[in-house]
2 protein chains.
Amino acid sequence: MSDKKLSLQLDFHSGLPIYTQIVNQIQNQLANKIIQPGDQLPTVRALAEELRVNFNTVARAYRILDEARIISTQQGRGTYITEIPPPEVSEKLRHESFSALTKRFIAEAFRLGFSEREIRQMVRDRLQLHKEAADKDNE
Amino acid sequence: MSDKKLSLQLDFHSGLPIYTQIVNQIQNQLANKIIQPGDQLPTVRALAEELRVNFNTVARAYRILDEARIISTQQGRGTYITEIPPPEVSEKLRHESFSALTKRFIAEAFRLGFSEREIRQMVRDRLQLHKEAADKDNE
DNA sequence: AATTCAATGATACAATTAGTACAATATCAA
DNA sequence: TTGATATTGTACTAATTGTATCATTGAATT
């Protein structure tokens, strides 16, 4: 885990928006292995102060990188470079975690004394609730 | 009474809050029989030190598990895995606990990127496996 | 010059974790 | 048994982090 200081050079006259420059340079530093998966990035406020910009500008850059799955921002905790998604392994791992997760869920449900039928019913119910909650968000 | 060491692996970059990871992993270890009803869990301070985390974070995880009736925390005494089936626990609480468990499971499955259909399919599959394993035990 | 709109800034908020003091219980010696 | 001390969980607060929303600015367009 490298902890090299993130040293970004902004050009305020280039015409490129600050947030775009931040996005690009972080991608560059990642490409050049100056920063690595797992590394914590400066907080939005720390980087903003260093660059003499508003922290919302940094937050905007982070959000773009987050949406691109390049970094992972976590409210209250910080921002981290996403672990490499190993192209072919990730899908396998993803399924394995899912399978294990489900196994644990079922074991716990049985421990609580519920039957196979009740488990399926509860999964249906909660999936329905989940869907309704998601719909509400889109209103 | 098993006294196997509770060995939790935290991922500080996973996006999942620490307290959530603690909750999940304790449930896992319970589901996998690594810890059993009646077992005493590490004290909030001991586990916190082991995980290099503030003890309030552990306390928060314990409180969630306590509310789900999975563990029983007792001020001045310690924290224990609830005996099964919780004799004094009402049917209502049992269902609430089940509902909360299912909700967590579904949220985690979605976080892993699986669809409603895939979740239902996986639950079916693992229920089948569970049944087969149980049959084998009776041979 | 007026309008528009993207970029940035200001402010308030929410989530997570840490710090500190306290209350309940256990332990043990007198 | 009683009292002192240690241990354990609880409550409340503070600090740190990212998020959401709206206001301001400034350059491009008309």
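The chains referred to below are lettered A, B, ... by the order of the sequence lines, with proteins before strands, and numbering in each begins at 1.
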Checking only heavy atoms, does the side chain of [X] share a donor-acceptor pair with the base of [N] at less than 3.5 Å?
X: B/Arg77; N: D/dG9; result: no
X: A/Arg63; N: D/dG18; result: no
X: B/Asn54; N: D/dA15; result: no

Answer yes or no: is there a side-chain heavy-atom contact under 4.5 Å between A/Asp11 and A/Leu16?
no
Rounded to whole angstrom units, what separation is found between the [atom1] atom of [X] and the [atom2] atom of [N]?
X: A/Asp66; N: D/dT19; atom1: CG; atom2: P; answer: 7 Å
X: B/Ile18; N: C/dA18; atom1: CD1; atom2: P; answer: 8 Å
X: A/Arg60; N: C/dG9; atom1: CZ; atom2: C1'; answer: 12 Å
X: A/Tyr80; N: C/dT16; atom1: OH; atom2: C1'; answer: 11 Å
X: B/Gln40; N: C/dT25; atom1: CD; atom2: P; answer: 15 Å
X: B/Gln75; N: D/dT8; atom1: CD; atom2: P; answer: 13 Å
X: A/Tyr62; N: D/dG18; atom1: OH; atom2: C1'; answer: 11 Å
X: B/Glu67; N: D/dT10; atom1: CD; atom2: C1'; answer: 13 Å

Any side-chain donor-acceptor pair under 3.5 Å between B/Gln74 and B/Ser72?
yes
Regarding A/Thr73 and A/Arg63, do their side chains bring together a donor and an acceptor under 3.5 Å, going by distance alone?
no
By nearest atom, which of the nucleotides [options] is closest to the [X] side chain?
X: B/Ala59; options: D/dT10, C/dG9, D/dA11; result: D/dT10
X: B/Thr79; options: D/dG9, C/dT16, C/dT20; result: D/dG9
X: B/Thr43; options: D/dG18, D/dG9, C/dA7; result: D/dG9
X: B/Tyr19; options: C/dT17, D/dT10, C/dT8; result: C/dT17
X: A/Asn56; options: C/dT20, D/dT21, C/dT17; result: D/dT21

Toward the 5' end of DNA chain C, which comes first, A/Val53 or A/Arg45, by nearest nucleotide?
A/Val53
Return no unless some side-chain N or O of A/Thr73 is found under 4.0 Å from OP1 or OP2 of D/dT19.
yes
Considering every strand and a 4.0 Å limit on heavy-atom distances, what is the contact class for B/Phe55: base, sugar-phosphate, or nothing?
base
Using a strict 4.0 Å threshold on nitrogen-to-oxygen distance, state whether B/Glu116 and B/Arg120 make a salt bridge.
yes
Using only atom types and a distance under 3.5 Å, with no angle test, would you say the side chain of A/Thr82 pairs donor to acceptor with the backbone of A/Arg69?
yes
